[in-house]
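Every chain is numbered from 1, with letters handed out A, B, ... down the list of sequences.
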Amino acid sequence: MPQKRAVKFLGLSKWVGAFHATPARLEKILPLPLNSFNVFSQNTEPKDTSKFYTDLIRQCIQSKSISDLRTIQTHMIKSGFSHLSLGNKLIDAFLKCGSIEEARNLFDELPQRHIVTWNSMISSYISQRRSEEAVKLYNRMVLERAFPDEFTFSSIFKAFSQLDLVYEGRRAHGQAVVFGLEVSNAFVGSSLVDMYAKFGKFRDARMVLDRVAEKDVVLVTALIVGFAQHGRNVEALEVFKEMIDEGIEANGYTFASILSSCANLKDLLMGMLIHGLVIRSGFEFAVAAQTSLLTMYSKCGLVDDSLKVFKQIIEPNQVTWTSLITGLSQNGREEIALSKFRRMLRSSISPNAFTFSSVLRACSSLAMLEQGKQIHAMVAKYGLSGDTFTGAALIDFYGKCGITEMARLAFDRLSKLDVVSLNTMIYSYAQNGYGNEALKLFNPSLGCLVSSEREGIDQDLKLSNDASQRNHHNFSSHSDSQKTLLRKR
DNA sequence: CTAGGGTTAG
């Protein structure tokens, strides 16, 4: 009986007394009759009415009361949107209450939208990883002559990098230039640098960065992160040093990224130096920096130091636990890795694809069949059977345990194939004496993988197949699994 | 009333 559900407006006691307001009751106690809203234009609307609604909306946000917002919306629509600014506030309120759909519905209904409203909608879509919607709105915005401002540009570029739309992102950059907002502030600049860096377009990223007059830590960190994420660790370190030289202080984000570069370079000395810097700059308890620190030590082979870092972490998150488990598993401490995994679950932190691929690796190294099976069940429960990394770990695990059928089952569940998972499957077959099955996979033209709807995969397979054909008469260039196959033949 | 950068896997 949703109609009868009481709607409580906490601060409304002077209007409604102590009783609860239903939409029908609310209509009776509004400060002005609904019809009379129409006589006010947007500019001359009475101050107190506007304030009345504004307060109401603020209370709804505080109590996260979406149903109350709906009530207000109903009245607004009835009054023919006489209060446009309220419409915008209402959209903002829906967004803050997490109801993006209702915000969008109202957004579409409004005869006019404020630039702030456009920006709010766009950034909400992006933070919900629904960037297609954000881009659609952005394009519509330009068409409807609601000109994007620096707030728009500070968020829209992320949509293009999320969607991997290089050309469109560049075009939006051009539009920012046209509006004179390209490097109007560090917000727009860092968003642009981030986009170009994510695309691997480091020349463009650098050019934008250099044009920003007031550089700050976020701007430079965007470039550092870009280099680090593309495995260009030396360049990441160079930019980091440059930043320090320019007197810009690093923060937790910067340290998280730069320590990850040290880890990948196995540069223990630099890592320890930066560890000192982390402590001195007061980011000792920034969890991402701590996580990277932990990884740095374990990649450099100092497991005990990484355990020490972990002990310091007050609230380890999913990534932290995973890093710890990975480090242990990679350093031959499989049992401890598994016990940490159990502890992670007990502290109600859920595992992800990264975690599973690491614990499965631990199970695989020691051929712990029962444990691995249990983890396989969890993988299925978490809906991660299709993940390429986790899948490859499963294939590897069952292969090592000699259960080829299960390995194949895991293989067939992959939502996407790549060279590694294919190699792992071939290796599992080969290891267990199924030479013919392995060959079928090795040469997809024999019919094993063709005729599936997997297009990207075929591309991948074609590449690896072409490469192997080039080496066909050259035995020494074959991988171990291929050698095994050739012997079996 | 609206804005930017992060750490983990084969």
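- Contact annotation for A/Ala393: no contact, since no heavy-atom pair falls under 4.0 Å across all strands.
- Phosphate proximity of B/dG10 to A/Arg361: present, with a side-chain N or O under 4.0 Å from OP1 or OP2.
- Inspection of the A/Asp149 and A/Thr152 side chains reveals an N or O donor paired with an N or O acceptor under 3.5 Å.
- The main-chain N or O of A/Val188 is found under 3.5 Å from a side-chain atom of A/Asn185 such that the two form a donor-acceptor pair.
- For the pair A/Ser365 (side chain) and A/Arg361 (backbone), a donor-acceptor distance under 3.5 Å is present.
- Here A/Arg206 does not pair with A/Glu238 in a salt bridge; the nearest charged N to carboxylate O distance is not below 4.0 Å.
- Using a 4.0 Å heavy-atom cutoff across all strands shown, A/Asp396 reaches no nucleic acid atom at all.
- Ring orientation note: the planes of A/Phe160 and A/Phe157 are tilted relative to one another, at an angle of 30° to 60°.
- Among the protein residues, A/Thr388 comes within range of the nucleic acid bases, having at least one heavy atom under 4.0 Å from a base atom.
- When atom types are taken as modelled, the side chain of A/Thr390 and the backbone of A/Gly386 share no donor-acceptor pair closer than 3.5 angstrom.
- In this structure, the side chain of A/Ser120 engages the main chain of A/Val116 through a donor-acceptor pair within 3.5 Å.
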What does the B/S/- profile of nucleotides 2-7 of chain B look like, 5' to 3', with a 4.0 Å heavy-atom cutoff to protein? BBBBBB

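- For the pair A/Tyr427 OH and B/dG10 P, the computed distance is 17 Å after rounding to whole Å.
- Listed in residue order, the members of residues 327-345 of chain A having a heavy atom less than 4.0 Å from DNA chain B are A/Gln330.
- The CG atom of A/Leu422 sits 19 Å away from the P atom of B/dG10 (whole-angstrom rounding).
- Without hydrogens or angle criteria, A/Thr221 side chain to A/Val217 main chain gives a donor-acceptor distance under 3.5 Å.
- With hydrogens and angles disregarded, no donor-acceptor distance shorter than 3.5 Å links the side chain of A/His230 to the backbone of A/Arg232.
- Rounded to whole angstrom, the span from the CH2 atom of A/Trp321 across to the C1' atom of B/dA9 amounts to 18 Å.
- Residue-to-nucleotide contacts include a donor-acceptor pair under 3.5 Å from the side chain of A/Asp418 to the base of B/dG10.
- Straight-line distance from the CZ atom of A/Phe397 to the C1' atom of B/dA9: 17 Å, rounded to whole Å.
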